[in-house]
Amino acid sequence: MLLVQHIRDHYDQVLLGLKKRNQVHADTTLQQVLALDELRKSSQTQRDQLQAEANTISKEIGILMKEGKTAEATAVRDRSAELKTQIKELEEQHVQAEEELKALLYTLPNVPHAAVPAGKSAEDNEIVLSHGEIPSLPEGKLPHWDLIKKYDIIDFDLGVKIAGAGFPVYKGKGARLQRGLINFFLDQALASGYMEVQPPILVNEDSCYSTGQLPDKEGQMYYASEDKLYLIPTAEVPITNLYRDVLVNVSDLPIKNVGYTPCFRREAGSWGAHVRGLNRLHQFDKVEIVQITHPDHSYEALEQMSSYVQGLLQQLELPYRVLRLCGGDMGFTSAMTYDMEVYSAAQERWLEVSSVSNFETYQANRLKLRFKGEDKKSLLAHTLNGSALALPRIVASILENNQGPDGIRMPKVLHPYLGFDHI
RNA sequence: AGAGAGGUGUCCGAGUGGUUGAAGGAGCACGCCUGGAAAGUGUGUAUACUCCAAAAGGGUAUCGAGGGUUCGAAUCCCUUCCUCUCUGCCA
């Protein structure tokens, strides 16, 4: 959530940023925000003054009662009753202004960083770099949805029986590949200074608001209504929320956490020919890295996280490219996002396998995640996260890119994790 | 799921309607004492919003959360969340 103070102090910059996200009505909304904040403040000032008077009177009555001067005490009571009705009115005005302000702020996405290109869709994303050779596969190459059948390692039909479409069953070497990748990703993160956590995969409403899934994406999350819990769409939600309502010491920054979880997405209305096989699932596995940093160092951290993820892809011997997302394609809460895409050689297309974002104070403001600075003042921290990595499309690319006459070759780094080198 | 107990500041813990943001203790910070340390001793030790150009200094709110009673609530009432104990159930 944007800070009103920041909107007031950097109005033009905020407006420009929101325009980059194609928020056509940003000007009106921002004006409303400022007006509501003025109303909020003035009603609070008035209320506080009257409340102060009422408090004084109450104390006087207390003293009079103690001295036994009941007649005088009753006399001041009337004044107090008058104040009370006025206070109640102002209080209602104040609460209403606050709520309207909050509702309005919820509709505003984060302001993109200056380096974020303007643009409407994925077409306008900026390709930062490409790495690796695109493999040329022989005639008869198969897309992964055929390969998994040929080698009987992932079974979609079984998943349909147990749960439904988009819930695959991994079998034999397919299951071991999953487990091997998860362990490889976790070990790498640990070696990079991340602390491993195992969070719950069902979360409450507060958690969804704090990281920005609500209000906005309610239709995209599975919801257990009996207990009012959401299945997590990403480990970002529970891990970042570990630090909700937390005041950390500046010396503890940066905080680096990593966690493996399954992720659940309803993907309502996003099915079609281009999302066959592992390209889009309702349940998938992901290792997520989360950082909480000092505001001065969050963009360094973003670059670090980007190189870290690239390192994983290099070790897996996958050709990839890095995109800087344009304003129109970025997530609601992000200030800057890099997407990593891997080339899937039989489908002959790039697949997004990681998204690394800096949220600056947008989430921290909702989380009330602050740190105590050198001057003992508390300031909002910056939050970042990234997939490192999401499994299904990595698996798809490994299968497709490494297929050959003697089966599917596994990347060397995975051999110790798998116990086999070919499928 | 049923019965009972309870949720107070960094921590422990007192407090059943009146000048209580909250006794006391521990911890922590700074000072005194000391050759140095311990002990002793003194002072300080929350957060948010807000007023003020700013600082200084005010105001308001906060004793799990929300609402109510009252001139006045940590204290009384209601709702709700959470924790613990016992019983039940269960991987």
Side-chain angles (χ1 to χ4, degrees), chain A residues 1-10 33-105 162 198-210 214 223-230 238 241-252 262 361 363-381:
Chain A
M1 195 150 53
L2 298 179
L3 290 155
V4 179
Q5 179 82 44
H6 187 259
I7 295 174
R8 202 185 302 124
D9 295 347
H10 305 90
V33 164
L34 292 183
L36 277 169
D37 193 52
E38 284 311 313
L39 183 62
R40 177 188 68 84
K41 287 201 296 194
S42 65
S43 56
Q44 179 179 338
T45 305
Q46 287 179 62
R47 184 205 59 188
D48 284 359
Q49 278 167 1
L50 294 182
Q51 187 63 253
E53 198 184 328
N55 286 349
T56 313
I57 291 173
S58 288
K59 280 177 192 168
E60 279 170 16
I61 291 174
I63 293 165
L64 290 171
M65 297 288 269
K66 245 185 193 165
E67 292 170 350
K69 299 173 179 169
T70 38
E72 287 159 58
T74 333
V76 256
R77 250 180 227 184
D78 296 339
R79 247 173 74 209
S80 181
E82 233 174 87
L83 284 172
K84 210 179 153 185
T85 50
Q86 288 182 47
I87 290 168
K88 199 165 185 181
E89 256 173 57
L90 286 164
E91 172 69 15
E92 276 166 18
Q93 197 181 58
H94 181 243
V95 168
Q96 200 189 336
E98 247 178 1
E99 276 172 5
E100 281 176 30
L101 180 61
K102 201 170 160 191
L104 212 53
L105 287 172
I162 307 304
Q198 275 194 27
I201 59 177
L202 277 84
V203 294
N204 57 28
E205 196 180 62
D206 283 351
S207 297
C208 295
Y209 270 97
S210 294
L214 293 177
Y223 182 54
S225 57
E226 189 78 11
D227 296 294
K228 297 186 176 143
L229 294 171
Y230 294 85
N241 269 281
L242 297 176
Y243 301 94
R244 170 150 48 90
D245 293 319
V246 167
L247 182 62
V248 300
N249 209 304
V250 67
S251 59
D252 296 333
T361 60
Q363 289 182 331
N365 187 25
R366 289 196 190 180
L367 289 158
K368 296 202 195 78
L369 164 54
R370 291 158 300 156
F371 68 93
K372 247 199 170 61
E374 287 82 358
D375 55 353
K376 305 232 165 168
K377 277 197 170 173
S378 54
L379 292 167
L380 291 173

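By convention in this document, chain letters (A, B, ...) are assigned in the order of the sequence lines, proteins followed by strands, and residues within each chain are numbered from 1. Worth knowing before you read on, the calculation uses all heavy atoms, side chains too, and leaves out hydrogens, waters and symmetry mates.
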Open item on the list: Among B:rU50, B:rU19, B:rU70, which nucleotide has an atom closest to any side-chain atom of A:K41?
Closed with: B:rU50
TODO: May I ask you to evaluate whether A:N55 reaches the phosphate of B:rU60, defined as a side-chain N or O under 4.0 Å from OP1 or OP2?
DONE: yes
Task: Side-chain donor-acceptor pair present, A:Q86, A:E82, cut-off under 3.5 Å - done: no
Open item on the list: Can you list everything that forms a ring pair (Phe, Tyr, Trp, His ring centres under 6.0 Å) with A:Y243? Sequence neighbours excluded, please.
Closed with: none
Open item on the list: Looking at every non-hydrogen atom in both residues, tell me the closest pair between A:L101 and A:V33 and how far apart they are.
Closed with: CD1-O, 3.5 Å
Task: Atom-pair distance (CD on A:Q44; C1' on B:rC49), nearest Å - done: 5 Å
TODO: Of all the heavy-atom pairs spanning A:R244 and A:S207, show the shortest one and how long it is.
DONE: NH2-OG, 2.9 Å
Task: Integer angstrom distance from the P of B:rG15 to that of B:rG7 - done: 11 Å
Open item on the list: Looking at B:rU50, I'd like to know if its phosphate oxygens (OP1 or OP2) sit under 4.0 Å from a side-chain N or O belonging to A:R40.
Closed with: yes
Task: Nucleic acid contacts - residues 89-100 of chain A versus RNA chain B, non-hydrogen atoms under 4.0 Å - done: none
Open item on the list: Once side chain to side chain donor-acceptor pair (under 3.5 Å) is applied, do any residues pair with A:E205, and if so which ones, sequence neighbours excluded?
Closed with: none
Open item on the list: Under 4.0 Å, heavy atoms only, any strand: does A:I61 hit a base, just the sugar-phosphate, or nothing?
Closed with: base
Task: B:rA61 phosphate, OP1 or OP2, under 4.0 Å from A:R47 side-chain N/O - done: no
Task: Contact nearer the 5' end of RNA chain B, comparing A:T45 with A:S80 - done: A:T45
